[in-house]
Amino acid sequence: MPARKIIIDTDPGQDDAVAILLALASPKEIDVLGITAVAGNVPLSLTAKNARIVCELAGKPEVKVFSGCDTPMARALVTAEHVHGKTGLDGPDLPDPTMPLQDGHAVDFIIETLRQHPAGTVTLCPLGPLTNVATALKQAPDLAARVQEIVLMGGAYFEVGNITPAAEFNIYVDPEAAEIVFKSGIPITMMPLDVTHKALVTKPRNDAFRALGTKAGIAVAEMTDFFERFDKEKYGSNGAPLHDPCVTAYLIKPELFSGRHINVEIETTSELTLGMTVADWWRVTDRSPNATFIGEIDADGFFDLLTERLANL
Ligand code: RIB
Ligand code: CA
């Protein structure tokens, strides 16, 4: 089975960082064609810097990193320093990157890459607000027929919101972009809070990262030590939820996950519920299914995979 060609679109973010490390540690299953940074957890200048910090932490300075959209399509940017710290990668003390950003805009890279590869052979993996992906789809309508699948972290239904009572952060930051993506007709697999809140970095799991004794293992332990304080305080949870690594783990071992193919619509007008992913889980409407909504995870299997692969770096 050839490695799956992907573009990771990301707003690092400690959990984005772990997702990127997992992908770069799994070359047999995943071929990262490039990484595109988007504004989200922290402003674009930092997400573009953090993406390169993570590539160098993985020992992969050859990975192409592009800078993308610095504001949502139709709204002001909302960031999440209260969760991720002012750098977006608070926790470990990691060196500034020496690898350069690629010339050219992330949106152009997404368009050109999808046009250069045979249709149906490139998967998009958004881990942040969907601004870059939606802008590419808007600029190049032919792209929708060329994307193999979009596997994204975003949304929530039974778990409700984390940035507002109704909305998950990635969708809330750019709901117009999310609407474009969810109406694109591209096959979508979504990792909402409903599943990511079941991927908690408990102390034994974090100890296993640290026990790797490698730069990457120790850095991941320090990232989640920092990242978990917000969720522990808010939810009383037993560790940090590893949201974004659910995306890359799904590409490697989809059998760790289960969900339902349903209709998901995005709220883009009500200020009260802006960014809500209205998931027709019980199929009470005749709206066509457009996404596989993942609700369950084999958490032990997920952490075994993650720890095993981090040891490769
Ligand atoms: O709501 C969680 C999502 O928002 C994650 O992708 C996290 O990195 C932030 O981007
Ligand atoms: Ca993210």
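Bear in mind the structure is a predicted one, so any value in this text is a computation, not a measurement. Reckoned from all heavy atoms, side chains included, excluding hydrogens, waters and symmetry mates. When a ligand or atom number is given, it counts from 1 through the structure's own listing order.
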(message) Salt bridge check, K203 against D225: does any charged N sit closer than 4.0 Å to a carboxylate O?
(response) no
(request) For F169, counting its heavy atoms only, list the atoms of ligand 1 lying under 4.0 Å from any of them. (result) 1 (O), 4 (O), 9 (C), 10 (O)
(message) For D16, which part has a heavy atom under 4.0 Å from ligand 1: side chain, backbone, both, or neither?
(response) side chain
(request) Apply ring-ring contact (aromatic ring centres under 6.0 Å, His included) to Y235 and H197, showing your working. (result) CA-CA 10 Å; Y235 296 102; H197 278 179; 4.8 Å; yes
(message) Considering non-hydrogen atoms of the protein only, which is the closest contact for atom 3 (C) of ligand 1, and what is the distance?
(response) E168 OE2, 3.3 Å
(message) I want to know whether H105 and F66 have ring centres closer than 6.0 Å.
(response) no
(request) State the atom name: nearest N, O or S atom of D11 to the Ca ion (ligand 2). (result) OD1
(request) Please state whether the rings of F303 and F209 are parallel, tilted or perpendicular, taking 30° and 60° as the class boundaries. (result) tilted
(request) Looking only at protein heavy atoms, identify the closest one to atom 8 (O) of ligand 1 and say how far it is in Å. (result) D15 OD1, 2.6 Å
(request) Could you tell me whether K215 and E56 have a side-chain N and a carboxylate O separated by less than 4.0 Å? (result) no
(request) Decide, yes or no, whether a salt bridge links R75 with E176 under the criterion of side-chain N to carboxylate O below 4.0 Å. (result) yes
(request) Just need the protein heavy atom nearest to atom 10 (O) of ligand 1, so name the residue and atom and give the distance. (result) N170 OD1, 2.8 Å
(message) For F227, does the six-membered ring have the charged nitrogen or CZ of R229 within the cation-pi criterion, i.e. under 6.0 angstrom from the centroid and within 45° of the normal?
(response) no
(request) Select one of side chain, backbone, both or neither to describe which atoms of N162 lie under 4.0 Å from any atom of ligand 1, heavy atoms only. (result) side chain
(message) Looking at the Ca ion (ligand 2), is there an N, O or S atom belonging to L127 that lies under 3.0 Å away from it?
(response) yes
(message) Tell me the contacting part of L127 for ligand 1: side chain, backbone, both, or neither, using a 4.0 Å heavy-atom threshold, strictly below.
(response) backbone
(message) What I want to find out is whether D96 reaches R52 closely enough, with some N-O distance under 4.0 Å, to be called a salt bridge.
(response) no
(message) Students should be able to answer this: which protein heavy-atom is nearest to atom 6 (O) of ligand 1, and at what distance?
(response) D244 OD1, 2.7 Å
(request) Confirm or rule out an N/O/S atom of D16, from backbone or side chain, lying less than 3.0 Å from the Ca ion (ligand 2). (result) yes
(request) Check each atom of ligand 1 against the heavy atoms of D11 and keep those under 4.0 Å away; list them by number with element. (result) 10 (O)
(request) Have a look at D244 and say which of its N, O or S atoms is nearest the Ca ion (ligand 2). (result) OD2
(request) Starting from atom 9 (C) of ligand 1, find the nearest protein heavy-atom neighbour and note its residue, name and distance. (result) N41 OD1, 3.0 Å
(request) Kindly compute the distance separating CZ (F109) from NZ (K64), expressed to the nearest 0.5 Å. (result) 5.5 Å
